[in-house]
**Student:** 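Below you'll find the structure I mean.
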Amino acid sequence: MKTVLSFLFLSFFTLSLAQVNWMTMEQAIAAQKKNPKKIIIDFYADWNVACQDMDKHTFVHPEILKYLNDKFYIVKFNAEGNDTVNMYNRVFKNPDYHVNAQSKNAMHQFAKFMNINAYPTLIFLDENLQSITNLMGKFSAKELEPYLSMIANNQYKSIKTREQWENYQKKFKSKIKE
């Protein structure tokens, strides 16, 4: 009985510690130079409920965590924040950022450059920092899983039409049980 309880406690403790290995953009670029992987940038805003929901439910799902931590470098980027980003031979800032803003803040130059129109938005970059695609809006773990699989396994390179995407979705075997 003690063995079973110990196992259950250890399993629960391990799962509760599982989390996304969030990075800054600079950390992801540096890591990519040593070990090339695709990058996902999660553009979010602190005030956005859909962003908070993805943090609480989508990104913590064990299957999603496995994809994110094993196959990608994942960046959490406050699209209304005050970070400086050095990328594409440019420096991106948020000159209109206000520390004591009462609600929404100005959009960061990097978010504008990446054509962010809604929060949350996930931008997928290849190993050369070229854009693969973006996903706007809130996604459940089950909704996000086929995209992560497709991009991690380079299947996106052979999907050129809506019909090919629909066939991919029909054939996709989810590991997530809801």
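Just so we're clear, the structure is a prediction, and the values are computed from it rather than from any experiment.
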**Student:** What do the steps show when you test V91 against T84 for side-chain contact (heavy atoms from CB on, under 4.5 Å), and what is the final call?
**Tutor:** CA-CA 7 Å; V91 177; T84 299; 3.6 Å; yes

**Student:** So, for F59 and W22, is the gap between ring centers shorter than 6.0 Å?
**Tutor:** yes

**Student:** Can you name the side-chain contact (heavy atoms from CB on, under 4.5 Å) partners of E63, sequence neighbours left out?
**Tutor:**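 Scan of E63 (side-chain contact (heavy atoms from CB on, under 4.5 Å), adjacent residues dropped) gives H61, K175, I176.
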
**Student:** Working note: D55 + K76, criterion salt bridge (Lys or Arg N to Asp or Glu O under 4.0 Å); need CA distance, chi angles, decisive distance, verdict.
**Tutor:** CA-CA 10 Å; D55 286 341; K76 188 98 170 138; 2.6 Å; yes

**Student:** Is the shortest heavy-atom distance from the side chain of T58 to the side chain of D53 under 4.5 Å?
**Tutor:** no

**Student:** Looking at side-chain heavy atoms only, is the closest gap between I40 and V75 below 4.5 Å?
**Tutor:** no

**Student:** Please name all residues satisfying side-chain contact (heavy atoms from CB on, under 4.5 Å) with Y97, sequence neighbours left out, ordered by chain then number.
**Tutor:**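 Partners of Y97 under the side-chain contact (heavy atoms from CB on, under 4.5 Å) test: N82, N94, V99, N105.
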
**Student:** Does any N or O in the side chain of Y73 come within less than 3.5 Å of the main-chain N or O of A31, such that one atom is a donor and the other an acceptor?
**Tutor:** yes

**Student:** Taking the inter-plane angle between the rings of F139 and Y147 on a 0 to 90° scale, is it parallel (under 30°), tilted (30 to 60°) or perpendicular (over 60°)?
**Tutor:** perpendicular

**Student:** Just so I know, are the side chains of I39 and M25 near enough to count as touching, which here means a heavy-atom distance under 4.5 Å?
**Tutor:** yes

**Student:** Going through the checks in order, is the salt bridge (Lys or Arg N to Asp or Glu O under 4.0 Å) test met by E166 and R162?
**Tutor:** CA-CA 6 Å; E166 288 169 356; R162 182 175 188 87; 3.2 Å; yes

**Student:** Are I41 and V20 joined in one hydrophobic group, where the rule is that I, L, V, M, F, W and Y side chains link up if heavy atoms are under 4.5 Å apart?
**Tutor:**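 Hydrophobic grouping puts I41 apart from V20.
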
**Student:** According to salt bridge (Lys or Arg N to Asp or Glu O under 4.0 Å), who are the partners of K71, at least two apart in sequence or on a separate chain?
**Tutor:**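 If we apply the salt bridge (Lys or Arg N to Asp or Glu O under 4.0 Å) test to K71, skipping adjacent residues, there are no hits.
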
**Student:** On the ring face of F124, is K38 found with NZ or CZ under 6.0 Å from the centre and within 45° of the axis?
**Tutor:** no

**Student:** For E80 and W47, which I'm curious about, is there any donor-acceptor pair between the side chains at under 3.5 Å?
**Tutor:**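 Yes, side-chain donor-acceptor contact under 3.5 Å.
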
